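No experiment lies behind these values; they were computed from the predicted model shown. Every number for a ligand or one of its atoms is a count from 1 in the order of the listing.
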Amino acid sequence: MSQESDHKPSNFIRQMIDEDLKVNKNDGRVATRFPPEPNGYLHIGHAKSIVLNFGIAEDYHGTCNLRFDDTNPHKENIEYVEAIQDDVKWLGFDWDGRLYYASDYFEQLYGFAVELMQAGKAYVCDLNAEEIRTYRGTLKEPGKDSPYRNRSVEENLDLFKRMRAGEFEDGAKVVRARIDMASPNINLRDPTLYRIRHGVIHHQTGEAWCIYPMYDYTHPISDALEGITHSICTLEFEDHRPLYDWILDNITIACHPQQIEFSRLNLQYTVMSKRKLTELVNEGHVEGWNDPRMPTIAGLRRRGFTPASIREFCERIGVTKSDNLVEMGVLEDCIRTDLNIRAPRRMAVLHPLKVVITDYPEGRVEPLEIANHPQDETMGSRQIPFCREIYIDRADFEEVPPNNKFKRLIAGGEVRLRGAYVIRCDEVIKDQSGEIIELHCSHDAATLGANPEGRKVKGVIHWVSAPHALEAEIRLYDRLFSHPTPDATKDGTNYTDHLNPDSLRTLSRCFVEASLSEAEPGVTYQFEREGYFCLDSVLGGGERPIFNRTVTLRDTWEKN
Ligand code: ATP
Ligand code: MG
């Protein structure tokens, strides 16, 4: 039976799996997992891992578990556990009821540690954290054996039991694997397997435990207990692989998954470490984890990104073992491509300038039928009222054209209103300071929807009916940082020094077409000639709706 995947562009991990299947390793089974620590929201880097793990499971008719790696209770909480599940589902993946917690295995993990002790392969150590560090040695020098390394099996078992019973304070004792203090791989120099943590209430196990297993010990065993075949993780765990294998080789467990490492996603103009993202939230640099400027899945969703665009991004960047820094333009291109196809068109005026059509009868309202998408008839059409007073965008008018490329409205010139008439600007009304406050125009009744024979009006601008339009607030988001690698500058600056002061600009008096009173959060629209926008899912609709700009129509960042 061949299950070789031919759906997705291949990568070195898929090639390894193909090889395994050829020799019927794991009886031809493919089982992966996505193992987030619930100490923050998921970000676009996690999406890369999700698409990889769940994608492999889908294509090879295998399974992918969602497993919370919850061994560090003081940083974790249930809000994160729930948000992570929401985000994985929203991205379009399903763990089919295989939702696990590393904490489900605490009892078994304890039992395996006892087994290691009985075999003389683990011991209770009384050195404190600082001493353990000193004894560990360096890359150049071997470490030194702990004075507690040769405790008897009985003493170790007794102390471990008493650690579990809560007899010792935090830091007083740890359990360590007994491997090799002279190993060239520092991870094998008697790594810590258990530490004591009193006074924390674990979101799953409550106060049942006061000793907690370390990640490097927990992970291989959790994988093996779940029958994972390919344990895919990021490159920083490459040097931990010998420890992963050592643990499984030294306990009685049938399954031995293969750990495979790939390089993590780094994205320009943002940070991806959960510690830093937590700081951005806690220090109030952003509104929260779901701030539309955050690289989190929740932020991107609120910003108007689609799951398909994020999955496409993850496919496009590929999976390798080499360090990479992906341009923000790649992500933006994915969302533009997706929205260009699926986003309904609407008209919205961001910087309103009132236009009075002086030769259009007062009180008359003409419903004009406008297509929701220029290329996709299945998206239907809607009616937009036309009347004597409208708004156009301030940027679409110049008294004197700045150059001969200016195709919009100028004093004495003509322009077409999208889906409506050609108008001519007859008079420019200014206030005392010389600011333009209104235009008086006339319309050509013969031009509704099309140009009569021989008539050439090149410019087309968008507009909304002044009495019908809905007043809205529009939030223009830009990159959160103004430096492409804010946390990797070599000049001693901190990443927060590079926060972009213009990452959010709020336009408080915009006018959007009335049909947008029915806008739904989760649907992103193209505001013609302006970009892609969606109703804010948190502050949302109401009398004066708030719209978020998802992305501009073109990449304008470098030119700003
Ligand atoms: P941080 O170091 O910022 O806390 P993490 O890697 O510890 O992040 P986890 O919750 O442990 O976060 O990650 C869950 C899974 O997602 C892991 O398998 C991890 O390798 C993967 N992952 C995390 N960040 C990235 C990234 N930037 N690119 C690809 N995969 C990632
Ligand atoms: Mg981690």
*Asks:* If I apply the N/O under 3.5 Å rule, does N39 come out as touching ligand 1?
*Replies:*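 No, N39 has no N/O under 3.5 Å of an N/O on ligand 1.
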*Asks:* Are there more than 12 heavy atoms of other residues, nucleotides or ligands under 6.0 Å from atom CD1 of I201?
*Replies:*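 No, CD1 of I201 has 12 or fewer neighbouring heavy atoms, counting only those of other groups under 6.0 Å.
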*Asks:* Going by heavy atoms, is F237 under 4.0 Å from ligand 1?
*Replies:*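 Contact check F237 vs ligand 1: negative.
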*Asks:* So for ligand 1, is P35 a polar contact partner (N or O within less than 3.5 Å, distance only)?
*Replies:*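 No - when backbone and side-chain N and O of P35 are compared with those of ligand 1, no distance drops under 3.5 Å.
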*Asks:* Report, in ascending order of atom number, the atoms of ligand 1 lying under 4.0 Å from any heavy atom of E37.
*Replies:*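 The atoms of ligand 1 under 4.0 Å from a heavy atom of E37 are 9 (P), 10 (O), 11 (O).
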*Asks:* Nearest non-hydrogen atom to atom 4 (O) of ligand 1 belongs to which of K274, E261, H219?
*Replies:*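 It is K274 that holds the nearest heavy atom.
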*Asks:* Hey, does the Lys NZ or Arg CZ of R164 hover above the aromatic six-ring of Y110, less than 6.0 Å from the centre and inside 45° of the axis?
*Replies:*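 R164 over Y110 ring: yes.
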*Asks:* S273 to ligand 1: N or O pair under 3.5 Å?
*Replies:*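 No; the residue has no nitrogen or oxygen that sits under 3.5 Å from a nitrogen or oxygen of the ligand.
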*Asks:* Under 3.5 Å, is there a donor-acceptor pair between the side chain of D491 and the main chain of T493?
*Replies:*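 Here the side-chain-to-backbone pair exists.
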*Asks:* Given G45, P295, S231, which has its nearest heavy atom closest to atom 26 (C) of ligand 1?
*Replies:*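 Ranked by closest heavy atom to atom 26 (C) of ligand 1, first place is G45.
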*Asks:* Heavy-atom contacts under 4.0 Å between H43 and ligand 1: side chain, backbone, both, or neither?
*Replies:*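 It is the side chain that touches ligand 1; the backbone stays farther off.
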*Asks:* Check the surroundings of atom CZ in R505: do more than 12 heavy atoms from other residues, nucleotides or ligands lie under 6.0 Å from it?
*Replies:*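 Result for CZ/R505: open.
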*Asks:* Between R275 and ligand 1, does any nitrogen or oxygen pair lie at a separation below 3.5 Å?
*Replies:*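 It does not: no N or O of R275 is found under 3.5 Å from an N or O of ligand 1.
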*Asks:* Over all heavy atoms of both residues, which pair between R303 and R549 is shortest? Give the atoms and the distance, please.
*Replies:*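 Scanning both residues completely, I find the closest heavy atoms to be NE-O, 3.2 Å.
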*Asks:* How does F34 reach ligand 1, if at all, at less than 4.0 Å between non-hydrogen atoms: by side chain, backbone, both, or neither?
*Replies:*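 Side chain only.
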*Asks:* Taking both backbone and side-chain atoms of C233, is any N or O found less than 3.5 Å from an N or O belonging to ligand 1?
*Replies:*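 N/O-N/O distance below 3.5 Å does not exist for this pair.
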*Asks:* Going through the checks in order, is the salt bridge (charged side-chain N to carboxylate O under 4.0 Å, His left out) test met by K89 and D94?
*Replies:* CA-CA 6 Å; K89 277 188 229 155; D94 188 350; over 6 Å; no
*Asks:* Mark yes when over 12 heavy atoms from residues, nucleotides or ligands other than E327 sit less than 6.0 Å from its CD; otherwise mark no.
*Replies:*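 Check fails, neighbour count at 12 or below.
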*Asks:* Between the side chains of N77 and H203, does any donor sit under 3.5 Å from an acceptor?
*Replies:*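 There is no such pair between these side chains.
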*Asks:* Show which atoms of ligand 1 fall inside a sub-4.0 Å distance from at least one heavy-atom site of P36.
*Replies:*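 The atoms of ligand 1 under 4.0 Å from a heavy atom of P36 are 10 (O), 14 (C).
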*Asks:* Between D69 and ligand 1, is there a nitrogen or oxygen pair with a distance under 3.5 Å?
*Replies:*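 No, no N or O pair falls under 3.5 Å.
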